[in-house]
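What follows is a set of notes on a single structure, which appears directly below.
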Number of protein chains: 2
Amino acid sequence: MLKHKHNHDECIESALEAAQKICEERETRFTPLRRRVLELVWSKHQPITAYEVLDLLSEGQKRVAPPTVYRALDFLIEEGFVHRIESLNAFVGCSDPEHKHQGHFMICTKCSNVTEMNEKSLHDVIKKAAKENGYTYENSILEIAGVCENCRN
Amino acid sequence: MLKHKHNHDECIESALEAAQKICEERETRFTPLRRRVLELVWSKHQPITAYEVLDLLSEGQKRVAPPTVYRALDFLIEEGFVHRIESLNAFVGCSDPEHKHQGHFMICTKCSNVTEMNEKSLHDVIKKAAKENGYTYENSILEIAGVCENCRN
DNA sequence: TGATGGGTTGATATTTTATAACAATCAGGG
DNA sequence: CCCTGATTGTTATAAAATATCAACCCATCA
Ligand SMILES: [Zn+2]
Ligand SMILES: [Zn+2]
Ligand SMILES: [Zn+2]
Ligand SMILES: [Zn+2]
(Lines give C-alpha, C1' and ligand atoms only; values in the text may rest on other atoms or scores of the structure.)
(Ligands and ions follow the chains in the order given, each with its own letter.)
Protein backbone atom coordinates (compact mmCIF):
# COMPACT_ATOMS: atom_id res chain seq x y z
CA MET A 1 0.00 0.00 0.00
CA LEU A 2 2.93 2.32 0.46
CA LYS A 3 3.27 4.89 -2.24
CA HIS A 4 6.89 4.06 -2.82
CA LYS A 5 8.52 0.90 -1.70
CA HIS A 6 11.28 1.58 0.70
CA ASN A 7 13.08 0.07 3.57
CA HIS A 8 10.85 1.19 6.35
CA ASP A 9 13.35 0.36 9.08
CA GLU A 10 15.77 2.81 7.54
CA CYS A 11 12.99 5.30 7.23
CA ILE A 12 12.26 5.06 10.96
CA GLU A 13 15.91 5.14 11.82
CA SER A 14 16.55 8.32 9.90
CA ALA A 15 13.55 10.03 11.49
CA LEU A 16 14.91 9.14 14.92
CA GLU A 17 18.36 10.38 14.06
CA ALA A 18 17.03 13.63 12.68
CA ALA A 19 14.98 14.18 15.83
CA GLN A 20 17.96 13.42 18.02
CA LYS A 21 20.11 15.90 16.14
CA ILE A 22 17.49 18.66 16.22
CA CYS A 23 16.98 18.20 19.95
CA GLU A 24 20.69 18.53 20.53
CA GLU A 25 20.72 21.76 18.57
CA ARG A 26 17.74 23.13 20.43
CA GLU A 27 18.88 21.73 23.77
CA THR A 28 15.57 19.96 24.31
CA ARG A 29 15.45 16.50 25.83
CA PHE A 30 14.96 13.58 23.49
CA THR A 31 14.36 11.11 26.32
CA PRO A 32 14.03 7.34 25.82
CA LEU A 33 10.27 7.59 26.21
CA ARG A 34 9.95 10.33 23.62
CA ARG A 35 12.25 8.47 21.31
CA ARG A 36 10.23 5.29 21.73
CA VAL A 37 6.93 7.08 21.07
CA LEU A 38 8.32 8.70 17.95
CA GLU A 39 9.50 5.29 16.81
CA LEU A 40 6.02 3.86 17.37
CA VAL A 41 4.37 6.71 15.49
CA TRP A 42 6.64 5.99 12.55
CA SER A 43 6.27 2.23 12.88
CA LYS A 44 2.91 2.24 11.17
CA HIS A 45 3.62 4.37 8.10
CA GLN A 46 0.02 5.52 8.48
CA PRO A 47 -1.81 7.70 10.96
CA ILE A 48 -1.82 6.09 14.37
CA THR A 49 -4.06 6.98 17.31
CA ALA A 50 -2.77 7.86 20.75
CA TYR A 51 -4.32 4.72 22.18
CA GLU A 52 -2.73 2.54 19.55
CA VAL A 53 0.60 4.02 20.54
CA LEU A 54 -0.35 3.35 24.15
CA ASP A 55 -1.05 -0.31 23.39
CA LEU A 56 2.21 -0.77 21.55
CA LEU A 57 4.14 1.03 24.24
CA SER A 58 2.59 -1.22 26.87
CA GLU A 59 3.55 -4.50 25.18
CA GLY A 60 5.73 -6.65 27.39
CA GLN A 61 5.64 -4.28 30.34
CA LYS A 62 3.30 -2.69 32.83
CA ARG A 63 0.59 -0.84 30.99
CA VAL A 64 1.31 2.85 30.71
CA ALA A 65 -1.37 5.46 31.32
CA PRO A 66 -2.75 7.88 28.73
CA PRO A 67 -0.93 10.97 30.03
CA THR A 68 2.39 9.27 29.38
CA VAL A 69 1.58 8.97 25.71
CA TYR A 70 -0.14 12.32 25.33
CA ARG A 71 2.71 14.17 26.97
CA ALA A 72 5.24 12.54 24.72
CA LEU A 73 3.09 13.31 21.68
CA ASP A 74 2.71 16.91 22.84
CA PHE A 75 6.47 17.24 22.97
CA LEU A 76 6.97 15.64 19.57
CA ILE A 77 4.31 17.88 18.02
CA GLU A 78 5.80 20.93 19.69
CA GLU A 79 9.20 20.08 18.26
CA GLY A 80 7.63 19.44 14.87
CA PHE A 81 8.49 15.73 14.65
CA VAL A 82 4.89 14.65 14.56
CA HIS A 83 1.68 16.11 13.17
CA ARG A 84 -1.83 15.56 14.36
CA ILE A 85 -4.39 14.73 11.68
CA GLU A 86 -7.47 16.49 12.98
CA SER A 87 -9.96 14.70 10.82
CA LEU A 88 -8.73 11.33 12.06
CA ASN A 89 -7.75 12.07 15.66
CA ALA A 90 -4.47 10.47 14.77
CA PHE A 91 -0.80 11.21 14.48
CA VAL A 92 1.89 10.88 11.80
CA GLY A 93 5.60 11.48 11.65
CA CYS A 94 6.62 14.66 9.88
CA SER A 95 8.54 14.29 6.65
CA ASP A 96 10.40 17.57 7.10
CA PRO A 97 11.17 18.12 10.78
CA GLU A 98 13.94 20.64 10.12
CA HIS A 99 11.43 23.34 9.26
CA LYS A 100 8.64 23.85 11.75
CA HIS A 101 5.20 23.97 10.19
CA GLN A 102 1.71 22.66 10.55
CA GLY A 103 1.08 19.94 8.07
CA HIS A 104 -0.84 19.83 4.85
CA PHE A 105 -2.01 16.35 4.06
CA MET A 106 -3.75 14.18 1.57
CA ILE A 107 -5.54 11.20 3.01
CA CYS A 108 -6.56 8.23 0.91
CA THR A 109 -10.11 7.21 1.70
CA LYS A 110 -9.44 3.66 0.50
CA CYS A 111 -6.13 2.71 2.10
CA SER A 112 -5.80 5.41 4.77
CA ASN A 113 -2.34 6.30 3.63
CA VAL A 114 -1.36 9.86 4.18
CA THR A 115 0.92 12.03 2.09
CA GLU A 116 2.37 15.18 3.53
CA MET A 117 2.67 18.05 1.11
CA ASN A 118 5.54 20.39 1.71
CA GLU A 119 4.71 22.79 -1.08
CA LYS A 120 5.62 26.36 -0.58
CA SER A 121 3.31 27.53 -3.35
CA LEU A 122 0.25 26.03 -1.67
CA HIS A 123 1.32 27.45 1.63
CA ASP A 124 1.69 30.87 0.03
CA VAL A 125 -1.77 30.75 -1.50
CA ILE A 126 -3.28 29.93 1.86
CA LYS A 127 -1.39 32.74 3.56
CA LYS A 128 -2.55 35.09 0.86
CA ALA A 129 -6.17 34.05 1.28
CA ALA A 130 -5.95 34.76 4.99
CA LYS A 131 -4.49 38.17 4.34
CA GLU A 132 -7.18 39.02 1.81
CA ASN A 133 -9.80 38.20 4.41
CA GLY A 134 -8.20 40.48 6.94
CA TYR A 135 -6.52 37.82 9.06
CA THR A 136 -2.97 37.83 10.31
CA TYR A 137 -1.84 34.35 9.43
CA GLU A 138 -0.55 32.13 12.20
CA ASN A 139 -0.82 28.60 10.86
CA SER A 140 -3.15 26.27 9.07
CA ILE A 141 -4.28 22.72 8.66
CA LEU A 142 -5.23 21.32 5.31
CA GLU A 143 -6.52 17.78 4.99
CA ILE A 144 -7.55 16.65 1.56
CA ALA A 145 -9.51 13.44 1.27
CA GLY A 146 -9.22 11.53 -1.97
CA VAL A 147 -8.07 8.33 -3.59
CA CYS A 148 -4.38 7.73 -4.05
CA GLU A 149 -2.68 6.55 -7.20
CA ASN A 150 -2.23 2.99 -6.00
CA CYS A 151 -5.83 2.56 -4.98
CA ARG A 152 -7.13 3.78 -8.32
CA ASN A 153 -5.32 0.99 -10.11
CA MET B 1 -16.78 40.82 18.32
CA LEU B 2 -18.70 40.12 15.15
CA LYS B 3 -16.88 41.02 12.03
CA HIS B 4 -19.78 43.00 10.68
CA LYS B 5 -22.60 44.28 12.80
CA HIS B 6 -25.86 42.83 11.73
CA ASN B 7 -29.22 41.85 13.06
CA HIS B 8 -28.43 38.39 14.18
CA ASP B 9 -32.05 37.35 14.58
CA GLU B 10 -32.58 38.02 10.90
CA CYS B 11 -29.42 36.14 10.16
CA ILE B 12 -30.71 33.08 11.99
CA GLU B 13 -34.13 33.41 10.46
CA SER B 14 -32.80 33.47 6.94
CA ALA B 15 -30.62 30.43 7.58
CA LEU B 16 -33.66 28.53 8.82
CA GLU B 17 -35.73 29.58 5.85
CA ALA B 18 -33.03 28.60 3.41
CA ALA B 19 -32.72 25.19 5.06
CA GLN B 20 -36.47 24.70 4.97
CA LYS B 21 -36.60 25.52 1.30
CA ILE B 22 -33.69 23.26 0.39
CA CYS B 23 -35.22 20.36 2.31
CA GLU B 24 -38.48 20.81 0.45
CA GLU B 25 -36.61 20.70 -2.84
CA ARG B 26 -34.67 17.63 -1.82
CA GLU B 27 -37.64 16.03 -0.10
CA THR B 28 -35.67 15.55 3.08
CA ARG B 29 -37.32 16.10 6.45
CA PHE B 30 -36.62 19.34 8.23
CA THR B 31 -38.20 18.19 11.48
CA PRO B 32 -38.80 20.45 14.50
CA LEU B 33 -35.80 18.91 16.26
CA ARG B 34 -33.49 19.47 13.31
CA ARG B 35 -34.79 22.97 12.87
CA ARG B 36 -34.24 23.70 16.54
CA VAL B 37 -30.68 22.34 16.48
CA LEU B 38 -29.84 24.41 13.42
CA GLU B 39 -31.25 27.45 15.19
CA LEU B 40 -29.07 26.73 18.21
CA VAL B 41 -25.96 26.29 16.08
CA TRP B 42 -26.60 29.67 14.54
CA SER B 43 -27.55 31.27 17.83
CA LYS B 44 -23.96 31.69 18.88
CA HIS B 45 -22.44 33.18 15.70
CA GLN B 46 -19.31 31.27 16.69
CA PRO B 47 -18.37 27.62 16.72
CA ILE B 48 -20.49 25.71 19.22
CA THR B 49 -19.82 22.25 20.61
CA ALA B 50 -22.29 19.40 20.47
CA TYR B 51 -22.62 19.44 24.23
CA GLU B 52 -23.30 23.16 24.29
CA VAL B 53 -26.10 22.53 21.83
CA LEU B 54 -27.26 19.73 24.08
CA ASP B 55 -27.37 22.04 27.10
CA LEU B 56 -29.30 24.70 25.23
CA LEU B 57 -31.67 22.15 23.78
CA SER B 58 -32.34 20.79 27.26
CA GLU B 59 -33.25 24.12 28.82
CA GLY B 60 -36.75 24.10 30.25
CA GLN B 61 -37.40 20.47 29.45
CA LYS B 62 -36.20 17.00 30.19
CA ARG B 63 -32.54 16.71 29.36
CA VAL B 64 -31.96 15.20 25.95
CA ALA B 65 -29.29 12.58 25.36
CA PRO B 66 -26.19 13.01 23.19
CA PRO B 67 -27.42 10.87 20.28
CA THR B 68 -30.33 13.23 19.81
CA VAL B 69 -27.97 16.10 19.17
CA TYR B 70 -25.40 14.15 17.19
CA ARG B 71 -28.04 12.69 14.90
CA ALA B 72 -29.48 16.09 14.20
CA LEU B 73 -26.01 17.49 13.56
CA ASP B 74 -25.22 14.59 11.25
CA PHE B 75 -28.29 15.38 9.23
CA LEU B 76 -27.49 19.09 9.08
CA ILE B 77 -23.91 18.40 8.04
CA GLU B 78 -25.06 15.89 5.45
CA GLU B 79 -27.42 18.46 3.99
CA GLY B 80 -24.67 21.07 4.08
CA PHE B 81 -26.33 23.43 6.55
CA VAL B 82 -23.63 23.03 9.15
CA HIS B 83 -19.89 22.43 9.06
CA ARG B 84 -17.73 20.76 11.62
CA ILE B 85 -14.55 22.57 12.61
CA GLU B 86 -12.14 19.72 13.16
CA SER B 87 -9.56 21.67 15.08
CA LEU B 88 -12.17 22.81 17.61
CA ASN B 89 -14.52 19.82 17.81
CA ALA B 90 -17.24 22.34 17.15
CA PHE B 91 -19.90 23.24 14.65
CA VAL B 92 -20.90 26.33 12.67
CA GLY B 93 -23.72 27.22 10.33
CA CYS B 94 -22.79 27.27 6.66
CA SER B 95 -22.88 30.61 4.90
CA ASP B 96 -23.70 29.07 1.53
CA PRO B 97 -25.97 26.06 2.00
CA GLU B 98 -27.22 26.07 -1.59
CA HIS B 99 -23.93 24.63 -2.83
CA LYS B 100 -22.70 21.56 -1.01
CA HIS B 101 -19.08 21.75 -0.01
CA GLN B 102 -16.75 21.14 2.86
CA GLY B 103 -15.80 24.35 4.50
CA HIS B 104 -12.65 26.40 4.42
CA PHE B 105 -12.33 28.53 7.52
CA MET B 106 -10.30 31.15 9.22
CA ILE B 107 -10.40 31.04 12.98
CA CYS B 108 -9.41 33.99 15.13
CA THR B 109 -7.16 32.87 17.95
CA LYS B 110 -8.15 35.89 20.02
CA CYS B 111 -11.93 36.09 19.75
CA SER B 112 -12.74 32.61 18.36
CA ASN B 113 -14.76 34.06 15.55
CA VAL B 114 -14.80 32.03 12.41
CA THR B 115 -15.00 33.22 8.84
CA GLU B 116 -16.00 30.82 6.11
CA MET B 117 -14.24 31.35 2.81
CA ASN B 118 -16.23 30.47 -0.25
CA GLU B 119 -13.47 31.17 -2.72
CA LYS B 120 -13.40 29.17 -5.85
CA SER B 121 -9.80 30.09 -6.61
CA LEU B 122 -8.56 28.66 -3.34
CA HIS B 123 -10.64 25.57 -3.84
CA ASP B 124 -9.17 25.15 -7.30
CA VAL B 125 -5.61 25.44 -6.04
CA ILE B 126 -6.27 22.74 -3.46
CA LYS B 127 -7.82 20.46 -6.04
CA LYS B 128 -4.86 21.03 -8.30
CA ALA B 129 -2.39 20.21 -5.53
CA ALA B 130 -4.21 16.93 -4.92
CA LYS B 131 -4.08 16.07 -8.58
CA GLU B 132 -0.39 16.86 -8.85
CA ASN B 133 0.26 14.46 -5.99
CA GLY B 134 -1.65 11.71 -7.72
CA TYR B 135 -4.83 11.88 -5.68
CA THR B 136 -8.36 11.92 -7.00
CA TYR B 137 -9.87 14.79 -5.06
CA GLU B 138 -12.95 14.12 -2.96
CA ASN B 139 -13.09 16.96 -0.48
CA SER B 140 -10.96 18.95 1.89
CA ILE B 141 -10.86 20.81 5.13
CA LEU B 142 -8.85 23.97 5.55
CA GLU B 143 -8.65 25.70 8.89
CA ILE B 144 -6.45 28.74 9.12
CA ALA B 145 -5.63 30.10 12.54
CA GLY B 146 -4.85 33.79 12.80
CA VAL B 147 -5.92 37.10 14.22
CA CYS B 148 -8.90 38.86 12.73
CA GLU B 149 -9.10 42.49 11.74
CA ASN B 150 -11.10 43.53 14.80
CA CYS B 151 -8.76 41.89 17.23
CA ARG B 152 -5.71 43.53 15.73
CA ASN B 153 -7.14 46.98 16.41
C1' DT C 1 -59.85 0.57 9.00
C1' DG C 2 -55.80 -1.04 10.67
C1' DA C 3 -51.64 -3.56 9.40
C1' DT C 4 -47.07 -2.65 7.59
C1' DG C 5 -42.70 -0.53 7.15
C1' DG C 6 -39.39 3.27 6.91
C1' DG C 7 -37.72 7.06 9.15
C1' DT C 8 -37.18 9.54 13.36
C1' DT C 9 -36.61 10.14 18.20
C1' DG C 10 -36.01 8.38 23.04
C1' DA C 11 -33.32 5.99 26.38
C1' DT C 12 -29.48 3.44 28.32
C1' DA C 13 -24.97 2.11 28.22
C1' DT C 14 -20.51 2.25 26.58
C1' DT C 15 -16.47 3.57 23.85
C1' DT C 16 -13.01 6.71 22.41
C1' DT C 17 -10.19 10.65 23.11
C1' DA C 18 -8.03 13.71 26.21
C1' DT C 19 -6.84 16.20 30.55
C1' DA C 20 -6.43 17.45 35.72
C1' DA C 21 -4.01 16.85 39.80
C1' DC C 22 -0.55 15.31 42.57
C1' DA C 23 3.29 12.07 43.75
C1' DA C 24 7.67 10.00 42.58
C1' DT C 25 11.81 10.11 40.11
C1' DC C 26 15.62 11.89 37.56
C1' DA C 27 19.34 15.02 35.93
C1' DG C 28 22.27 18.88 36.40
C1' DG C 29 24.27 22.95 39.12
C1' DG C 30 25.95 24.64 43.34
C1' DC D 1 25.14 15.88 48.83
C1' DC D 2 21.15 18.99 48.37
C1' DC D 3 18.29 21.88 45.73
C1' DT D 4 15.62 22.82 41.63
C1' DG D 5 13.10 22.14 37.59
C1' DA D 6 11.80 18.84 34.19
C1' DT D 7 10.04 14.41 33.36
C1' DT D 8 7.42 10.42 34.29
C1' DG D 9 4.04 7.63 37.12
C1' DT D 10 -0.55 7.16 39.00
C1' DT D 11 -5.30 7.84 39.80
C1' DA D 12 -9.27 9.87 38.60
C1' DT D 13 -12.17 12.36 35.61
C1' DA D 14 -13.75 15.11 31.70
C1' DA D 15 -15.11 15.64 26.91
C1' DA D 16 -16.63 13.85 22.58
C1' DA D 17 -18.91 10.37 20.15
C1' DT D 18 -21.28 5.96 19.18
C1' DA D 19 -23.84 1.32 19.71
C1' DT D 20 -28.08 -0.71 20.59
C1' DC D 21 -32.70 -1.37 21.10
C1' DA D 22 -37.32 0.47 22.18
C1' DA D 23 -40.99 3.74 21.18
C1' DC D 24 -43.25 6.69 18.16
C1' DC D 25 -44.89 8.92 13.96
C1' DC D 26 -46.91 8.76 9.69
C1' DA D 27 -47.69 7.58 4.88
C1' DT D 28 -49.19 3.74 2.08
C1' DC D 29 -52.11 0.28 0.89
C1' DA D 30 -54.59 -4.24 1.58
ZN1 LIG E 1 5.53 18.10 8.41
ZN1 LIG F 1 -4.89 4.56 -1.24
ZN1 LIG G 1 -20.18 26.32 3.94
ZN1 LIG H 1 -10.79 38.15 16.47
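Note that the structure is predicted; figures quoted are calculated from it, not measured. First the proteins, then the strands, lettered A, B, ... as listed; each starts at 1.
- Judged as a salt bridge (charged side-chain N to carboxylate O under 4.0 Å, His left out), and not counting sequence neighbours, the contacts of B/K120 are B/D124.
- The shortest distance between side-chain heavy atoms of B/L56 and B/I48 falls below 4.5 Å.
- Within a 6.0 Å sphere centred on NZ of B/K100, heavy atoms belonging to other residues, nucleotides or ligands number more than 12.
- Taking the centre and axis of the six-membered ring of A/F75, the NZ or CZ atom of A/R34 falls inside the cone set by 45° and 6.0 Å.
- Comparing B/P67 and B/N89 against DNA chain C, the residue whose closest nucleotide sits nearer the 5' end is B/P67.
- At whole-Å resolution of the value, OH in A/Y51 and P in D/dA16 are 14 Å apart.
- Rounded to whole angstrom, the span from the OH atom of A/Y70 across to the P atom of D/dA14 amounts to 17 Å.
- Remark: nothing in residues 22-37 of chain B comes within less than 4.0 Å of DNA chain D through any heavy atom.
- The stretch residues 53-65 of chain B has no heavy atom under 4.0 Å from DNA chain D, so no residue of it qualifies as close.
- Separating the CG atom of B/D74 from the C1' atom of C/dG7 is a distance of 15 Å, rounded to the nearest angstrom.
- Under the ring pair (Phe, Tyr, Trp, His ring centres under 6.0 Å) criterion, B/H104 pairs with B/H123, sequence neighbours left out.
- In this structure the side chain of B/R36 reaches within 4.5 angstrom of the side chain of B/L40, judged on heavy atoms.
- B/L73 has its CG atom 15 Å from the C1' atom of C/dT9, to the nearest Å.
- Every residue two or more places apart in sequence or in another chain that forms a ring pair (Phe, Tyr, Trp, His ring centres under 6.0 Å) with A/F105 is listed here: A/H83.
- As rounded to whole Å, 12 Å separates atom C1' of D/dA15 from atom CZ of B/F91.
- The backbone N or O of A/I85 sits nowhere less than 3.5 Å from a side-chain atom of A/N89 that would complete a donor-acceptor pair.
- Counting to the nearest Å, the P atom of D/dA16 and the CG atom of B/L88 are 11 Å from each other.
- With DNA chain D read from its 5' end, the first of the two nearest nucleotides for A/F75 and A/P66 is the one closest to A/F75.
- Between B/T68 and C/dT9 there is no side-chain polar atom (N or O) within less than 4.0 angstrom of OP1 or OP2.
- With hydrogens and angles ignored, no donor-acceptor pair under 3.5 angstrom links the side chain of B/R71 to the base of C/dG7.
- Residue pairs satisfying the salt bridge (Lys or Arg N to Asp or Glu O under 4.0 Å) criterion with at least one member in residues 15-26 of chain B, sequence neighbours excluded, are listed as follows: B/K21-B/E25, B/R26-B/E79.
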